[in-house]
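To start, the structure itself, in structure tokens.
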Amino acid sequence: MTTFSQVIDRTRRRLMTQQREPINTLSNGIDAVDTALSSTHSVRFVEGARLSIGLEDMHTVPVSSGFTSATVIRAVDGSTAATHTTGDLVRVNPTWSNWEIAQAVNDELASLSSPMNGLFRIRSTEFDFIPATSGYNLAGLEDFLDVWRVRYDTPGPEEDWPVIQRRFWRIDHAADTGDFAAGVQLVLSDGGYPGHPVRVSYKASFDPLTALGDDIAAAAGLHAEAHDILSIGAAIRLLSGQEAQRSYTTTQADPPAPEEVPPRTAVGALVPLVERREERIRERQG
């Protein structure tokens with residue numbers, strides 16, 4: 001099993017390689033509204049720091065004289081305030097917080113099922129065949145991409161589900177919403193047995209991940225052989241903004257000299273990751 005937390009950690013390792021960042025742990029649990037935070041160790045909290053705990057980002061305001069406790073602004077940068085327990089890991093001024101990496105992972109999940117990348121999972125829906133009806137509503141399928149296969153049940157003990165050949169059905173993605181609420185209908189010209197179900201197996205997109213403990217396969221629907229693509233793709237998305245950061249002269253007082261870090265160095269670092277991602281996607285398409 002691969003969890004959301006493990007994918008975030010793998011992404012961070014790809015991004016940071018041998019670099020290390022300050023970490024601490026909570027000395028007391030906090031609920032979703034507490035603004036007083038205390039740490040266990042001597043890694044100093046300073047005013048204006050960003051703290052990453054679980055999938056929540058916080059911003060420190062006044063800090064105590066011992067630098068091990070602080071008042072924080074909760075749920076910054078679009079993250080959500082949550083309960084955190086004693087001993088939870090605190091990342092201090094991380095280059096990329098768990099929340100930022102999590103967003104990149106979910107963006108990658110959504111991208112994998114795009115027409116360009118062509119990965120998907122198979123899900124099914126059923127309806128009873130009615131001889132007088134040709135068009136059937138495919139409603140409530142928010143993850144629907146396209147139909148993969150259509151089969152129908154037959155009476156008797158055989159438990160046979162014949163496949164309806166592709167020429168006998170079509171999908172209308174612009175169906176009249178007065179008759180088909182979702183605007184998508186399956187039109188059958190042959191196949192089906194009165195009163196018995198027709199099973200539509202369809203290509204579906206992957207669901208976003210929401211909790212660190214989410215099982216990627218169970219929660220998102222992405223099969224285990226493709227889990228490594230998530231950390232590669234997320235790293236690419238996060239690194240892609242590094243070259244622009246060199247231009248932020250108002251927030252970077254002493255940028256690296258060109259001879260130390262030549263322009264487009266960050267872009268060059270993306271190339272092996274992009275190539276690896278494309279290779280892994282082609283492997284899964286095959």
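Only heavy atoms go into these numbers, but all of them, side chains included; no hydrogens, no water, no symmetry mates.
Between Ile30 and Met58 the shortest heavy-atom distance is CD1-CE, 3.9 Å. Contact between Thr3 and Leu212 at its shortest, heavy atoms only, is CB-O, 3.8 Å. Nearest heavy-atom pair, Arg14 versus Ala235, reported as atom, atom and distance to 0.1 Å: CB-CB, 4.3 Å. The two residues Asp153 and Asp160 make their nearest non-hydrogen contact at OD1-O, 3.8 Å. For Glu21 against Asn93, the heavy-atom pair with the smallest separation is OE2-O, 4.4 Å. The minimum heavy-atom distance linking Ile122 with Ser201 is given by the pair CG2-CB, 4.1 Å.
For the residue pair Ser52 / Ser97, no side-chain donor-acceptor distance below 3.5 Å is found, with atom types taken as modelled.
Distance CG/Leu26 to CD1/Ile53: 4.5 Å, rounded to 0.5 Å. Rounded to the nearest 0.5 angstrom, Phe4 CZ and Leu109 CG are separated by 8.0 Å. Separation of atoms CG (Asp146) and CD1 (Ile171) is listed at 6.5 Å; rounding is to 0.5 Å. Remark: Thr25 OG1 to Asp88 CG distance equals 9.0 Å, nearest 0.5 Å. Ile229 contributes atom CD1, which lies 8.5 Å from atom CG of Asn117 (distance to the nearest 0.5 angstrom). Separating the OH atom in Tyr136 from the CG atom in Leu138 is a distance of 11.5 Å, to the nearest 0.5 Å.
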Verify side chain to side chain contact (heavy atoms under 4.5 Å, CB included) between Leu55 and Ile8, making sure each step is shown before the conclusion.
CA-CA 10 Å; Leu55 290 177; Ile8 291 172; 4.0 Å; yes
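Contact check for Glu100 versus Pro94: no side-chain heavy atoms found under the 4.5 Å cut-off. Between Leu145 and Ser113 the shortest side-chain heavy-atom distance falls below 4.5 Å. Side-chain atoms of Leu15 and Thr95, non-hydrogen and from C-beta on, never get closer than 4.5 Å to each other. Put simply, the side chain of Asp228 does not reach to within 4.5 Å of the side chain of Thr2, judged on heavy atoms. For the pair Trp99 and Glu56, the minimum side-chain heavy-atom distance is 4.5 Å or more. Val33 places none of its side-chain heavy atoms less than 4.5 Å from the side chain of Arg74. Taking 4.5 Å as the limit, every side-chain heavy atom of Leu188 sits out of range of all side-chain heavy atoms of Ser134.
A cation-pi contact links Arg166 to Trp169, judged by a cut-off of 6.0 Å to the six-membered ring centre and 45° from its axis.
The closest donor-acceptor contact from the side chain of His196 to the backbone of Phe129 lies at 3.5 Å or more, if one exists at all. With Thr60 contributing its side chain and Gly48 its backbone, the two residues share a donor-acceptor pair below 3.5 Å. Checking side-chain atoms of Ser38 against main-chain N and O of Ser69 turns up no donor-acceptor pair under 3.5 Å. Asp172 contributes no side-chain N or O that, together with a main-chain N or O of Gln185, makes up a donor-acceptor pair within less than 3.5 Å. With Arg12 contributing its side chain and Trp96 its backbone, the two residues share a donor-acceptor pair below 3.5 Å. Not a single donor-acceptor pair under 3.5 Å links the side chain of Asp34 to the backbone N or O of Ala36. A side-chain donor-acceptor contact under 3.5 Å links Thr11 to the backbone of Val7. For the pair Arg277 (side chain) and Gly233 (backbone), a donor-acceptor distance under 3.5 Å is absent. Side chain of Glu126 to main chain of Arg199: no donor-acceptor pair is present (N/O by atom type, distance under 3.5 Å, no hydrogens or angles). Distance alone, capped at 3.5 Å, is enough to place a donor-acceptor pair between the Arg121 side chain and the Ser205 backbone.
Within 6.0 Å of CE in Met116 there are 12 or fewer heavy atoms belonging to other residues, nucleotides or ligands. Within a 6.0 Å radius of CD in Glu225, other residues, nucleotides and ligands contribute more than 12 heavy atoms. With a 6.0 Å radius and a threshold of 12 heavy atoms from other residues, nucleotides or ligands, Phe127 has its CZ atom above the threshold.
Results of the side-chain contact (heavy atoms from CB on, under 4.5 Å) test with His59 over Val76, Thr71, Val72 single out Val76 as the only residue that passes.
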